[in-house]
Visitor: 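Please find one structure pasted underneath; my questions will follow.
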Amino acid sequence: MAAAKPTLTDSLSFCLAQLTAAAGEGLGGGKDTATNETPLGRALLALRTRHVKAAGGIERFRARGGLRPLLALLRRAAAAGPAPSQAGSGSAPSSVESAIYDGPAPSSGPAPSSASSSSPSPPARLRKTLDLALSILANCCTEGACRTEVRRLGGILSLVTILQCVKTDSIQNRTARALGNLAMEPESCGDIHSAGAVPLLVESLTACQDSQCLQSVVRALRNLADSPQHRLALAQQGAVRPLAELLAAAPDPALTLALVRALLELSRGCSRACAEQLSLGGGLGPLVSLASHPKKAVREATILILANLCAQGLVRPALGNAGGVEVLLGELRRRRGPNGAGPASQQPLVRAVCLLCREAINRARLRDAGGLELLMGLLRDPRASAWHLRVVAALVGFLYDTGALGRLQALGLVPLLAGQLCGDAGDEEEEGREAASWDFPEERTPERAEAGSFRSLRSWLISEGYAAGPGDISPDWSPERCPPPPPPPEPAEPTSPTLGPASLRTPRTLRTPGRSPAATSEEPWGREGPALLLLSRFSQAPDPSGALVTSPALCGLLAYVTGSPGPPSPRALRILARLTCNPACLEAFVRSYGAALLRAWLVLGVAPDDWPTLRARPVRRQHRELGEMLLQNLTVQAESPFGVGALTHLLLSGSPEDRVACALTLPFICRKPSLWRRLLLDQGGLRLLLSALTRPAPHPLFLFFAADSLSCLQGLVSPTVSPALPPTIPLDLDAPSPCLYEHLLGPAPIPAPDLHFLLDSGLRLPAQRAASATASPFFRALLAGSFAEAQMDLVPLRGLSPSAAWPILHHLHGCRGCGATLGPVPPPGQPLLGSEAEEALEAAGRFLLPGLEEELEEAVGHIHLGPHGGPESVGEVFRLGRPRLVAHCARWALGPGQCPRKRALALVGLVEAAGEEAGPLTEALLAVVMGVEFGGKGSSLDC
């Protein structure tokens, strides 16, 4: 087939020449339309269909200077002035069309307004010419360089004028398309707003019937909503309501997609004007219906529009009536499912659901649709920690919904709230005043003019302290209703006149509306405010023990009270006081070790995180006083007739765990001797506690609590007890007594030794036979009896090392307190089992030297349980198994002057050292608590 014959319009130069000639550049006078229209039409058609659409065609068109004559052609239309609202197909051409057809006009006057009567149907041909020119311009504006060039050449104003003058659907369509493309540049978008295009586009929405034209106009409005200021301007100029009305008219799918995309942009940061117009336009119902649209783009855009609308309180009730609550909950539940999207896509839905909780009607719908479970799932999810503050603030809306509170408590809200008190949840952005609950809409009254005398009076009232600010006084103010001036204010946190669940970022104060700040006691309100408010509501139940008197809840409250950088909220202190004063919570405090936790954390300054690591944490006086007050509240409950019966029942008939917890808690909350003696001593509570020490711990701080409990009980039994040394011979190690054996080691001892002991190592130790025989029954039989050693001058001592033999030889020759017993004792930190000290103790028992045993035991106690010893040495000493040392370990652990942490660590070491043989440890601790001596084998106490 032969190739098509080339035509003149295949040349870009020819087309540009025709365009330049039509625009009148470099030419004077008018052109004959009958002669020039056809070549111009063919050139414009070729530019649109071939040259501009070709690869790189737009760039070549711009580089060859095609935009200038194209805009000049349109500018002549813009300069022609307004036209009738609609030109019919058979009517005379408008002034705009005539200006384009007849050629260029002088800059000082308008274009000609009439066409040659001989031209066949000029309006149709001229509209086609304008259509082609606008289409070319719209295509060129898809590239950034062309958009910049059009803006520089002033093409925006020409397009706006054409939009105003020519009301033909096709012209409106292409003009709106060109403006929409230009609006993709922020600078051009601002110029379009300034040129007044928005009201013209809004007018086109109501006047046009063609779907393609409406889509172009809707797209232009969407692109013009590129910033919060522009979105607000569009809403204030009435751009939202026509869109909503079109959506309610059930348009075709393409227009529906365009409408929801435009509404999505306009509803970002939804303003009051946007929400009002969308609601008045009847768009809420169609939007809820479109949330189940089969097309994903429509469905997702619609859901985001509904989420954006929730930022305005005035539209939320109507949105709930239309079914928006169920739609948003269902979508959030789907996105949080296994196949759902990431956290970023859930954020607007979470915000919307939380805002819906501000109105009672929507809270009821949310509760019935399973929204409480969904919100609880968010609180449990660590990936959603950035939203936890918002969710807790939303749950405050259910504060007086008894059914919802019961459901939330059953779902485990209380421990989650307690964890929120000291959590690191991210800060949420504060909502504006327009997001406040619409259950109490603010009244908008017209402002009245204020007289000069009123302004003067208001200034005086503020300066004298009768009013906090201008907003506190209205022209109807009366001195009779004014409270007296407050005293000079002390430095305090700034006050805020309103309180909202969303205001969580900075600490603020509560204030009753309509009352003077001096008339109310203000209370700090920070990020923990909503959680404390809910916890306070739970604590006011008749029996809040199941929810609040648990280890997680108490730990959260105590961590907040002691870890708050500033003064904690008084609400938290009231919650703790309310719980300790409630008789229904007594058993829960006992079962959960709550009383022991209060004493450890507040009075002793030991938190669960501080154990077993020794961490320096100063105990503040306020915390100690709070702890003592709370324990006193529990004491009042425990010593009441109800409390005595409850504790007796727990100790005698409770489960094994409850019985141990009761025995441990009694020394903290019982001060009546008749009560604690009957329960702990007469009914075996103390032995029950001691026997539980070697079993698996029911609480992470159990051994710490037990050590503190035993120490407190010791103080109750013996209020004046003081630390005492073991009942052995006093040993003054600072001023040792003279050594009676040292002279035998010299070169010429007087008297000379008449005996030597031979050790396994071959070492010979000198000795006096008479002194050695009288020191011990063993050596008397060995050296002065009928054994062969009685006739030997070199007597072997088997199984004895030199270090272990050294204190024995000193003791045989009468040394008491000369320091020889310190030699075989290793320093603290080294094991005693297998050491020379253990060997010396064993040898002293084998050679029947009880005095030497006592001296060695006291030396071990002085080094390992003295000022330089630590709690880790207590278990080492206990492992030697010497009764006197066991008693010394028990006294060291339960001594009244001992540090609570060291006391507890010592008890841990004793329990580990005792292992399964808990009898000696139990008897030793029992003896120390009861204030009786313990040290002999087989000693036992009944208690």
Side-chain angles (χ1 to χ4, degrees), residues 385-386 388-393 395-396 414-431 468-469 486-512 517-539 548 552-580 597-610 615-630:
S385 59
H388 286 175
L389 290 179
R390 184 183 291 278
V391 173
V392 174
L395 293 178
V396 171
V414 170
L416 295 177
L417 291 175
Q420 290 293 313
L421 294 179
C422 294
D424 297 328
D427 292 337
E428 281 285 349
E429 61 180 12
E430 293 187 11
E431 302 290 351
E490 298 179 357
E493 297 178 352
T495 62
S496 173
T498 58
L499 168 65
S503 303
L504 302 174
R505 181 171 297 172
T506 57
R508 55 193 67 201
T509 55
L510 290 175
R511 177 176 166 191
T512 304
T520 59
S521 59
E522 297 174 348
E523 191 167 299
W525 177 273
R527 62 183 299 278
E528 72 283 355
L532 285 175
L533 194 60
L534 285 167
L535 290 174
S536 178
R537 181 69 175 88
F538 283 117
S539 70
L548 279 168
L554 292 176
C555 285
L557 286 168
L558 294 177
Y560 166 71
V561 170
T562 58
S564 177
S569 171
R571 182 171 282 113
L573 309 183
R574 291 198 299 270
I575 292 172
L576 291 172
R578 191 178 296 123
L579 293 176
T580 54
L597 184 65
L598 292 176
R599 173 176 165 81
W601 206 323
L602 297 176
V603 179
L604 304 180
V606 178
D609 294 339
D610 301 337
R615 184 181 305 175
R617 183 192 293 267
V619 182
R620 298 181 181 178
R621 179 178 58 85
Q622 299 89 339
H623 297 164
R624 183 183 296 108
E625 292 176 353
L626 173 64
E628 292 172 352
M629 183 267 291
L630 297 177

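Computed over heavy atoms, backbone and side chain alike; hydrogens, waters and symmetry mates excluded.
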Visitor: Ignoring hydrogens, what is the shortest heavy-atom contact between P530 and A393? Give both atom names and the distance.
Guide: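 Heavy-atom minimum between the residues: CB-CA, 3.9 Å.
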
Visitor: Identify the heavy atoms of A553 and V414 that sit nearest to each other, and give their distance.
Guide: CB-CG1, 4.0 Å

Visitor: Nearest 0.5 Å, what's the CG-CZ distance between L535 and R574?
Guide: 12.5 Å

Visitor: Could you pull out the closest heavy-atom pair between V603 and E628, with the gap in Å?
Guide: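 Minimum heavy-atom separation between V603 and E628: CG2-N, 4.0 Å.
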
Visitor: Under the side chain to side chain contact (heavy atoms under 4.5 Å, CB included) criterion, do R578 and S536 qualify, and how do the steps go?
Guide: CA-CA 9 Å; R578 191 178 296 123; S536 178; 3.6 Å; yes

Visitor: Side-chain contact test, heavy atoms from C-beta onward, threshold under 4.5 Å: evaluate it for L532 versus Y560 and give yes or no.
Guide: yes

Visitor: How long is the span from the CG atom in D609 to the CH2 atom in W601, to the nearest 0.5 Å?
Guide: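 One gets 6.5 Å once the value is rounded to the nearest 0.5 Å.
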
Visitor: How would you list, by chain and number, every residue that makes a side chain to side chain donor-acceptor pair (under 3.5 Å) with Q622, sequence neighbours excluded?
Guide: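 Side chain to side chain donor-acceptor pair (under 3.5 Å) list for Q622, sorted by chain: empty.
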
Visitor: Taking all atoms of both residues into account, what is the closest heavy-atom pair of P552 and P415, and its distance?
Guide: CB-CB, 4.0 Å

Visitor: Not counting sequence neighbours, which residues clear side chain to side chain contact (heavy atoms under 4.5 Å, CB included) with E625? List them please.
Guide: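 So E625 forms a side chain to side chain contact (heavy atoms under 4.5 Å, CB included) with R621.
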
Visitor: For R527 versus Q420, what's the shortest heavy-atom pair and its separation?
Guide: NH1-O, 3.7 Å

Visitor: Would L416 and V392 count as a side chain to side chain contact (heavy atoms under 4.5 Å, CB included) here? Give the steps.
Guide: CA-CA 10 Å; L416 295 177; V392 174; over 6 Å; no

Visitor: For a 4.5 angstrom cut-off between non-hydrogen side-chain atoms, does L395 reach L417?
Guide: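 No, side chains not in contact.
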
Visitor: Could you pull out all residues at least two apart from L533 that satisfy side chain to side chain contact (heavy atoms under 4.5 Å, CB included)?
Guide: V396, L399, W525, R571

Visitor: Roughly how far, to the nearest 0.5 Å, is CG of L554 from CD1 of I575?
Guide: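 Result: 11.0 Å between the selected atoms.
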
Visitor: Please report the interatomic distance CE(M629) to CZ(R624), rounded to the nearest 0.5 Å.
Guide: 15.0 Å

Visitor: Atom CG of L630 and atom CG of L579: how far apart are they, to the nearest 0.5 Å?
Guide: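 Between L630 CG and L579 CG, I get 9.5 Å after rounding to 0.5 Å.
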
